[in-house]
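Taking it in order: structure first as structure tokens, then the write-up.
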Amino acid sequence: MKTGTDRVKRGMAEMQKGGVIMDVVNAEQAKIAEEAGAVAVMALERVPSDIRAAGGVARMADPRIVEEVMNAVTIPVMAKARIGHIVEARVLEAMGVDYIDESEVLTPADEEYHLNKREYTVPFVCGCRDLGEAARRIGEGATMLRTKGEPGTGNIVEAVRHIRKVNAQVRKVVGMNEDELMTEAKLLGAPYELLLEIKNLGRLPVVNFAAGGVATPADAALMMQLGADGVFVGSGIFKSENPAKFARAIVEATTHYQDYKLIAELSKELGAPMKGIEISSLAPEARMQERGW
Amino acid sequence: MIKIGVLGLQGAVREHVISIEACGAEAIVIKRKEQLDEIDGLILPGGESTTMRKLIDKYDFMRSLKEFAELGKPMFGTCAGLILLAKNIVGYDEPHIGVMDVKVERNSFGRQKESFEADLDIAGVAEDFQAVFIRAPHIVQAGGNVEILAKHKERIVAAREGNILGCSFHPELTDDHRLTGYFINMVKEAKK
């Protein structure tokens, strides 16, 4: 009997496919998310838009909040650790969270190295903007990916850019001759063996969700249509006017992302979504997506 | 050709489709209840049982799924799918589809860091089956007509009652298609 194998870690993410993972900051929100049909919740101290507003250093949540959320729901609970923060990750693992997000939403603890995620029994999800970044994270042991988008903005434009980029680069690798792969690996900064695996599989070897800017049911369906395996929704739900209704609508739009009549129905009279930020109004240093290497 | 549906509301749908096709049957992803009329057998995949249940209710699948079982058409639930099939769930007053005479306990091996792989002896299927357990349930009690197919550490992890098959683990996550093949044979028998 073996725990913490790649198959067990990657398989856990496979079970989340077609689903919505929602950011929550307390037990009450976690229950609303579960009731709406979320496949998992991300326990946080603040949602990304509040992290932006608060400024300063964003760290792992108070373990008390994570514990409260774990006790409130039966679906899997994820939590975020700072990039490269070995101890935050170990603390979350010791608490028994089901997945750790080594996340650019928090202030990085290491500006050179990400965690060696292979050493842990708990699985990790990491952000990516292109195939090079995705492949480096998988190389370090991430068993689930999410395109980064721009968290806490309610603006889908960066999420679209990133999922298109990753999938276009995957298609390119799949279509390449094997003798072209080493140079592609060099250009992308990606492990060669992983590109070979992608070419043979015809897809990424792990599940890839979309994140960072999903604010409406149509946004969620758009990410699915562009090839995401599922969707993370951060500030979009609990910063909207009617979280329970928004949460249910986003879950349904993700399941039936090509049923446009249905999406029209469930988008009616939802109330105001989160306000949102135009990306060009963000100073470069305020862009969370630039974090991670 | 035998047609096997995979309930496609959420979860590891693609993996089951690959496994069914590897066994030489046709796979159909079921997103609408009307599609159930087209198929000879149905697989309920792994995923989150609470999420699938919400979507089953939302799209009015429940009665059609029960009728599918009543017609004697075979159903196979893996992990969350087993929970959907069970007549009793520890800690819950009501079952989901409730067509298999077993009592199951959710997440009974612990949280994700306790998820594991183990070799299983599955009666009539394989003596050396590599099974992947992810936040898995197990069968706490089985009714008199239930045939126990496999145990792990004294816990029942695979069983069959007539045309209903259920397991705690994920046969779709490996390249070993023997359990899927066993189910497809059940479907062939039922169709005769």
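Each chain gets a letter, A, B and so on, in the order its sequence line appears, and its residues count up from 1. We use all heavy atoms of the structure for the numbers below, so side chains are in, but hydrogens, waters and symmetry mates are not.
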Contacts of type salt bridge (Lys or Arg N to Asp or Glu O under 4.0 Å), residue A:E93, not counting sequence neighbours = A:R90

Could you tell me which portion of B:L173 (side chain, backbone, both or neither) has an atom closer than 4.5 angstrom to a non-hydrogen atom of chain A?
-> both

Choice from A:T121, A:T74, A:V97, A:V122 maximising heavy atom contacts with chain B below 4.5 Å | A:T74

Could you check which of B:D119, B:I134, B:L55, B:T174 has the highest count of heavy-atom pairs closer than 4.5 Å to chain A?
-> B:I134

Tell me, out of A:G230, A:P123, A:A36, A:A40, who's got the most heavy-atom pairs with chain B below 4.5 Å.
-> A:P123

With chain A, the option among B:E172, B:H170, B:M52, B:E114 that has the most non-hydrogen atom pairs under 4.5 Å is B:H170

Considering all heavy atoms of both residues, which atom of A:R137 and which atom of A:E140 are nearest to each other, and what is their separation?
-> NE-OE1, 2.7 Å

Electrostatic pair A:E14:A:K17 at N-O distance under 4.0 angstrom = yes

Taking atom NZ of B:K73 and atom CG of B:L42, what is their separation to the nearest 0.5 Å?
-> 10.0 Å

dist A:Y99:OH -> A:T143:OG1 (nearest 0.5 Å) comes out at 3.0 Å

Do B:T78 and B:H16 meet the criterion of a side-chain donor-acceptor pair at a distance under 3.5 Å?
-> yes

Which answer fits A:T254, side chain, backbone, both or neither, if we ask what part of it has an atom under 4.5 Å from a heavy atom of chain B?
-> neither

Check each atom of A:I100 against the heavy atoms of chain B and say whether the ones under 4.5 Å are side chain, backbone, both or neither.
-> neither

Honestly, the part of B:T50 sitting under 4.5 Å from a heavy atom of chain A is side chain

Leading residue by heavy atom contact count with chain B [cutoff under 4.5 Å; candidates A:E34, A:R248, A:R203] | A:R203

Single hit among B:V102, B:I97, B:V146, B:L85 for side-chain contact (heavy atoms from CB on, under 4.5 Å) with B:I164 = B:L85

Bottom line for B:R53: the part with an atom under 4.5 Å from chain A's heavy atoms is neither

With a 4.5 angstrom heavy-atom cut-off, which part of A:A38 approaches chain B: side chain, backbone, both or neither?
-> backbone

Could you tell me which portion of B:K54 (side chain, backbone, both or neither) has an atom closer than 4.5 angstrom to a non-hydrogen atom of chain A?
-> side chain

Check the angle between the aromatic planes of A:F124 and A:Y120 and answer parallel, tilted or perpendicular using the 30° and 60° thresholds.
-> perpendicular

Heavy-atom closest pair (B:C79 atom, B:G46 atom, distance to 0.1 Å) is CB-CA, 4.4 Å

Can you say whether B:K31 sits under 4.5 Å from chain A via the side chain, the backbone, both, or neither, judging by heavy atoms?
-> both

So which of A:M70, A:R10, A:K9 has the largest heavy-atom pair count under 4.5 angstrom toward chain B?
-> A:M70

Give, as side chain, backbone, both or neither, the part of A:A33 having an atom under 4.5 angstrom from any heavy atom of chain B.
-> neither

Between B:Y59 and A:H256, does the ring centroid distance fall short of 6.0 Å?
-> yes

Is A:D62 paired with A:R64 through a side-chain N to carboxylate O contact shorter than 4.0 Å?
-> no

Select one option (side chain, backbone, both, neither) describing which atoms of A:V77 are under 4.5 Å from chain B's heavy atoms.
-> both

Measure distances from B:R135 to the heavy atoms of chain A and classify the residue's part below 4.5 Å as side chain, backbone, both or neither.
-> side chain

